[in-house]
Structures are given as C-alpha cells and as structure tokens.
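Please read the structure below before turning to the comments.
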Amino acid sequence: MKITESEFLDKINAHKGIVYKVSRMYCDAAEDREDLFQEIILQLWKSVESFKGNSQFSSWMYRVALNTAIVFYKKDKKRKDTNTSLKVDPIAPKGYDEKQDKQLEYFYEAVKELNKIDKALILLYIEGYSGQEISETLGISEVNTRVKTNRAKKQLKEIIKAKGYEF
Amino acid sequence: MNFEDIKSKMNSQNMESQVVPKQIKDLKASILPIHKIRRNLRNEIVLQTVIIIIFFFFPSFVEINPIAKGMYFILIFITALITFIYLMKMNNFLRQSSKLSINTREVILNIIHELKLTLEVYKNGIISGSLLLLMAVIIFNSGRGFIDESYFLDLISLNIPSKTLILYIIGYLITALGIYVLTIWWTNRFYGKYLKDLEDVLEGMSSEEIS
C-alpha cells in the first residue's frame, strides 16, 4: 500500500483503539505499555507496504500489532512489577477511570496470567473474529484455534473466580 | 463472565486523548528484547572491528623478525576476512526490517531461523577467528626482538622434539576448548534467552495439535 507518513498516522489515529487494546492486553506496567504502544506504531509503519487491501485495514493492524506483542515484547525483570489499579496509565484516555470500572480491571488482572498466544486468542475472540480469521492470523489450525480459545476462556473464568472477582 | 460486556466496556473507552505522534520520528525509542539483541550485536561489530584494526597496526610499533611478521600478517588477514564475513551476516540481520504482516507462526519461525543462522555463523566465526588469532599471537611473541632465526624456523616447521610438540598441541587444544566454551556461554548469555522464549511460544502453539 502506497501511503504518505501523514496519511498513515491519520489512519492509525482512526484505529488507535486496536493499538491501545493490544498494549493493554500484553503489558501490565504503564511504562511497558507505553513502549509497546509506540513499537506497534513503528512496526505498522515498517509493514504498511505489505498491506494489499485483501483484508480490512483493522484486521491487518491486529495481525501486525499482535505479532509485535508476541514476538518482540517481554517484560523487563529489572522493572518493578507495578499494580495497574494503583498507577495512572499515561496512555489511558482522559476521563477514563479504571478504578471505577472494576469489571474491566479484573478482566485485565486475570489476563496477566494467560500466555502470549492465549491473550491473542481472547482478544480476537472478544473482538468478534471468526475461528477461521483467528486461525489465519495466528497460523494455527481452525480446530486448534477452537480448542485453545475454549481452554483460554475457561482458564480466564477460573482465574477470575479464584481471585474472587466473579462477575 | 460475559465477554460481550467486556467488549462493550473496552469499546466504550474514550480514545480521544490517546495520542498518536504527528511524525514517525517522534516515536520514543523502546527497549524491547529485539532492540537489546540489536544493540548487543551493534556493539560487538564496533568492538571487533576496532580489535582487528589494532592487531593490524600493532607490529608497526614493535621490532619483529621479518618471517614472523609475514606469517603474523597472513594469519591476521585470514582472521579479518572471517570476521568481515560474519560481521556482514550480523549486519544483515540488524538491517532486515521485520515482516510482521504474515501469520504469527511464520513470523516466529522466520525470526528463529534467521537468528539461529546468524548465531551459528557468529559462533563459528568467533571460534575459528580466535584460534587463528591465538596462533598469530604465538608467532608474534616468538618472533619479537632479536631471535635465533633457525630456532624460529624449526619451530614453525615443527622441527622440534616430539615431547615439546605434544605439549604445544595440548596447550593449544586446552585454549581452543576454553575459547569454544566461552563463546557458547557468551552467545547463550546474550542471545539464547530470547531464542528460547520464541521457541517456547512456538511449542505452545503446536502442542494442542498433537493432543
């Protein structure tokens, strides 16, 4: 896809929710989230020529964003393990108070316990992607996608229950 | 837990104030694992280039037997050639932009493949280069100052007592083993963990297919 830098950034701005959601799913510490948020935009820019328009721009964005998070991101052990609920997220939208939204907060707390692939499966499932689309994005079979998604959902529910967050 | 509720809460977040930079160059440099690997590789390229240059110019400042000097330069030249080849390979790995538009499994497979290849070339380059460099240092040391040329020629043509020769060979093999172990440790210390993490993710993707 031929696109200028400013057109690209406008497009990303229109779909920035995707970048935010992926960063939020994979990073607990605010600094990590900030790093990943920026890295995803950079990788999207580097990869934009490969977007041929065969799929929706948002689906392509999810693919690159998730690949960036899965392949490149790893928590820095030297960095203090921060509790999200006690820290202000520098990239969280203004006017949004996570503390007030306990359900989403508990969800993200539970997601921390999942592995990288399960996080991707849950996010794509929540976003309404079909088994076939998820399978194509991650490169695993549809059967495997179904099995893994069900297992991840079950695990997530168990974690939430074990933490006493059931809702 | 209702995933529809989660979805609607995620989507209802007000994203207006979430800032996307106005220019790509405004993106903050991040410290993801791949960047640490690239930084380590880049530092090594610079360091090893400097070391080779020092070795090339060192004999200019020290009096050395012409035969020893000639042999030293031949060995250093071969070492430099080996270093150049694997530095080029490392540089290619650094420069290649990540192709993240394909599916996750292929992305991981490609990176593992590229990184393993680069590290193999790197390990072989370091080990063979170090062994040649060691030989060059021995020749340089033996040929320094005013030496008995016939003794030196006997030494390099291996015309020495068997016992001495065996001792030299054992000493060289022990040093070679040390270089090998150190290189493997160094490579695993700086690059192995990232590789292992990627392999774990890949294994996690495959395990369900078997069961």
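Residue numbers start from 1 in every chain, and the chains themselves are labelled A, B, ... in the order their sequence lines are given, proteins ahead of strands. Note that the structure is a prediction, hence the values are computed from the model and not measured.
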Here the pair of heavy atoms bringing Glu136(A) nearest to Arg63(A) is O-NH2, 3.2 Å
Would you find a donor on one side and an acceptor on the other, under 3.5 Å apart, between the side chain of Asn67(A) and the backbone of Ile102(B)? yes
Any donor-acceptor pair under 3.5 Å from Arg105(B) side chain to Leu202(B) backbone: no
Residue Leu123(A) versus chain B: region with a heavy atom under 4.5 Å: side chain
Met61(A) portion near chain B, given a 4.5 angstrom heavy-atom threshold: neither
Please flag which part of Leu198(B) lies under 4.5 Å from any non-hydrogen atom of chain A: side chain, backbone, both or neither. side chain
When the 4.5 angstrom heavy-atom criterion is applied to Gln23(B) and chain A, the contacting part is both
Heavy-atom pairs under 4.5 Å with chain B - which of [options] has more of them than the others?
| options | value |
| --- | --- |
| Ile122(A), Leu66(A), Ile117(A), Val48(A) | Ile117(A) |
| Val143(A), Asp118(A), Leu42(A) | Leu42(A) |
| Lys153(A), Glu5(A), Glu127(A) | Glu5(A) |

Report yes or no: is the cationic atom of Lys163(A) (NZ for Lys, CZ for Arg) under 6.0 Å from the centre of the six-membered ring of Tyr106(A), at an angle within 45° of the ring normal? no
Relative to chain A, which of Asp200(B), Asp26(B), Asp5(B) shows the most heavy atom pairs under 4.5 Å? Asp5(B)
Determine whether the aromatic ring centres of residues Phe58(B) and Phe140(B) are separated by less than 6.0 angstrom. yes
Using a strict 4.0 Å threshold on nitrogen-to-oxygen distance, state whether Lys116(B) and Glu199(B) make a salt bridge. yes
